Amino acid sequence: MGLFIALEVIGIIGMVQGFGSALVTQVWDGNWQLMRWALDWQPVSGIAIGVLGLVLASIGWAGQKRAKASRD
């Protein structure tokens with residue numbers, strides 16, 4: 001169960017970092033500090049990291065749901 005919680009948290013962080021950096025660089029011409037390494041590849045890299053985070057969060061959420069259902 002702890003693994004699924006970790007996947008969900010890492011996924012949420014990935015979504016915020018990825019989608020946030022894509023949004024900041026495209027809409028406000030800002031510089032997202034933690035994603036500065038990917039500035040040349042924005043918005044594609046931000047969207048890709050955000051989607052990867054979404055997948056990880058979904059796996060974590062589904063695993064928690066399945067583990068809870070098997071306990072009941």
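Keep in mind that this is a model prediction, so the values were computed, not measured.
No chain of hydrophobic side-chain contacts below 4.5 Å, direct or via other Ile, Leu, Val, Met, Phe, Trp or Tyr residues, connects Trp28 to Leu39.
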Please report, to 0.1 Å, the donor-acceptor pairs under 3.5 Å made by any side chain of residues 10-24, with sequence neighbours excluded.
residue	atom	partner	partner atom	Å
Gln17	OE1	Trp32	NE1	2.7
Ser21	OG	Gln17	O	3.0
Ser21	OG	Gly18	O	2.9
Ser21	OG	Gln42	NE2	3.1

Donor-acceptor pairs under 3.5 angstrom involving side-chain atoms of residues 47-65: please list them, not counting sequence neighbours.
residue	atom	partner	partner atom	Å
Ser58	OG	Leu54	O	2.8
Gln64	NE2	Glu8	OE1	2.6

